Novice: 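Sharing a structure, written as structure tokens. Questions coming.
Values below: all heavy atoms of this structure, side chains included; hydrogens, waters and symmetry mates excluded. Whatever order the structure lists them in is the order used to number ligands and atoms, beginning at 1. As the structure is a prediction and not an experimental result, all values here were calculated from the model.
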Amino acid sequence: MGIYAMTGGATGIGGELRKQLVEAGHQVISVDIKEGDIIADLSTAEGRQAAVAGVTERAPDGLDGFIACAGLPPVARPLSLIAQVNYFAAVKTIEGLKDLVAKRRGTVLIVASNSAPMMPAENAFVEACLSGDEAAACAAVEQADGHTAYAGSKRAITMWMRRNVVAYAKAGVRLNAVAPGITQTPLTDQVFADEQLGQTMRDFQASVPWGGMASPAHIANVMRFMLSPEADFVCGSVFFVDGGSDAMLRPDAF
Ligand SMILES: NC(=O)c1ccc[n+]([C@@H]2O[C@H](COP(=O)([O-])OP(=O)(O)OC[C@H]3O[C@@H](n4cnc5c(N)ncnc54)[C@H](O)[C@@H]3O)[C@@H](O)[C@H]2O)c1
């Protein structure tokens, strides 16, 4: 059986994935700000270091996979927190755990979003993220709005993934992303409850071609496959699990 580490394993999509992996007999090391094997605030450099050190201590012989799932919604404030958790925490923990994953020719799976392509790559915040300058990215995002912060962070992490696929593959790590659409989780509840974004979210949900909303299990089922040996040649993919929304919005882009 495998050994996996993940962030954001306390609730929602991550909570469901952790449950499914454990039920399948795998060992899971969960890092989260709320509850888990390692409690760490990934918005901070200290929290990221504690996460990497804690996972390394618990899995000295390597990881079959690392899942960067922790994330904050567009209604989180200050907006810089969204940059810190959704983009920089993912990049820093992946970089810190890369060698451990390579030891087992394992997989890194990023939880992105189908909102990523909604933000152009030519955006000051996205560019600041990709330059690796956290202070500049936090300053840029404070001039923006919640949608730009969220979709921009997901655009940036997806681009980071694609740009690093070759180097990681050569090092023995498969890099991939899953891009969920609207999924019933505590994060989504916060957005639905928001005065400004709630109605936009309801309108978007009503437009989903397949209808309805994903459950965390819809997303976790696909993630479990992407982490498994059956997905051995899947490398650099952005797997949309969104009921057809991305294809509806960008039929010719893939
Ligand atoms: N729910 C959706 O509709 C949806 C759609 C697309 C993408 N996503 C992404 O899926 C991932 C999981 O989100 P979810 O919807 O399951 O929400 P969620 O709120 O249930 O889960 C997020 C997890 O991240 C953790 N977290 C938040 N801030 C943290 C911090 N500073 N340090 C450590 N852990 C922290 C939370 O404690 C929680 O366990 C996120 O990256 C989110 O952006 C969600």
Novice: Before you tell me yes or no, could you show the steps for Asn221 and Glu16 under side-chain hydrogen bond (donor to acceptor under 3.5 Å, both in side chains), namely the whole-Å CA-CA distance, both residues' side-chain angles and the distance that decides it to 0.1 Å?
Specialist: CA-CA 9 Å; Asn221 292 342; Glu16 173 65 23; over 6 Å; no

Novice: Decide yes or no on side-chain contact (heavy atoms from CB on, under 4.5 Å) for Tyr150 and Val75, but give the supporting numbers first.
Specialist: CA-CA 9 Å; Tyr150 185 79; Val75 296; over 6 Å; no

Novice: Looking at every non-hydrogen atom in both residues, tell me the closest pair between Pro60 and Leu100 and how far apart they are.
Specialist: O-CD2, 4.2 Å

Novice: Just wondering, are more than 12 heavy atoms of other shown residues or ligands nearer than 6.0 Å to CZ in Arg162?
Specialist: no

Novice: So that I can tick it off, tell me whether Lys98 and Glu95 are bridged by a salt bridge, with the cut-off set at under 4.0 angstrom between side-chain N and carboxylate O.
Specialist: no

Novice: Within a distance under 4.0 Å of any heavy atom of Val85, pick out the atoms of ligand 1 and give their elements.
Specialist: 31 (N)

Novice: Check Asp32 against Gly9 and note the closest heavy-atom contact, atom names and distance.
Specialist: OD2-N, 3.4 Å

Novice: Going by the order shown, which atoms of ligand 1 are within less than 4.0 Å of some heavy atom of Ile13?
Specialist: 10 (O), 16 (O), 44 (C)

Novice: Numbering the atoms of ligand 1 from 1, which are under 4.0 Å from a heavy atom of Thr185?
Specialist: 1 (N), 14 (P), 15 (O), 16 (O), 17 (O)

Novice: Name the closest protein heavy atom to atom 1 (N) of ligand 1, giving the residue it belongs to and the distance to 0.1 Å.
Specialist: Thr188 OG1, 2.9 Å

Novice: List the closest protein heavy-atom neighbour of atom 20 (O) of ligand 1: residue, atom name, distance to the nearest 0.1 Å.
Specialist: Thr11 OG1, 2.7 Å

Novice: Flag Gly9 as yes when one of its N or O atoms lies below 3.5 Å from any N or O atom of ligand 1, and as no otherwise.
Specialist: no

Novice: Closest non-hydrogen protein atom to atom 10 (O) of ligand 1, residue and atom name please, with distance?
Specialist: Val111 CG1, 3.2 Å

Novice: Give me the residue, atom name and distance of the protein heavy atom closest to atom 25 (C) of ligand 1.
Specialist: Asp32 OD2, 3.4 Å

Novice: Heavy-atom distances under 4.0 Å decide this one: backbone, side chain, both or neither, for Ala40 against ligand 1?
Specialist: backbone

Novice: Can you name the atoms of ligand 1, numbered from 1 with element, that are less than 4.0 Å from a heavy atom of Ala10?
Specialist: 39 (O)

Novice: Show which atoms of ligand 1 fall inside a sub-4.0 Å distance from at least one heavy-atom site of Gly12.
Specialist: 16 (O), 20 (O)

Novice: Return a yes/no value for Lys154: is any of its N or O atoms, backbone included, closer than 3.5 angstrom to an N or O of ligand 1?
Specialist: yes

Novice: Using a strict cut-off of 4.0 Å, indicate which atoms of ligand 1 neighbour a heavy atom of Ser43.
Specialist: 31 (N)

Novice: Look at atom 34 (N) of ligand 1 and say which protein heavy atom is nearest, naming residue and atom and giving the distance to 0.1 Å.
Specialist: Ile33 N, 3.3 Å

Novice: Among protein heavy atoms, which lies nearest atom 11 (C) of ligand 1, and at what distance?
Specialist: Cys69 O, 3.1 Å

Novice: Any N/O of Asp41 closer than 3.5 Å to an N/O of ligand 1?
Specialist: yes

Novice: For Ile182, counting its heavy atoms only, list the atoms of ligand 1 lying under 4.0 Å from any of them.
Specialist: 3 (O)

Novice: Which residue and atom name correspond to the protein heavy atom nearest atom 22 (C) of ligand 1, and how close is it?
Specialist: Gly71 O, 3.7 Å

Novice: Could you tell me, atom by atom, which parts of ligand 1 come under 4.0 Å of a heavy atom of Pro180?
Specialist: 5 (C), 6 (C), 7 (C)

Novice: Check for me whether Ala112 has a heavy atom closer than 4.0 Å to any atom of ligand 1.
Specialist: yes

Novice: Name the closest protein heavy atom to atom 43 (O) of ligand 1, giving the residue it belongs to and the distance to 0.1 Å.
Specialist: Tyr150 OH, 2.7 Å

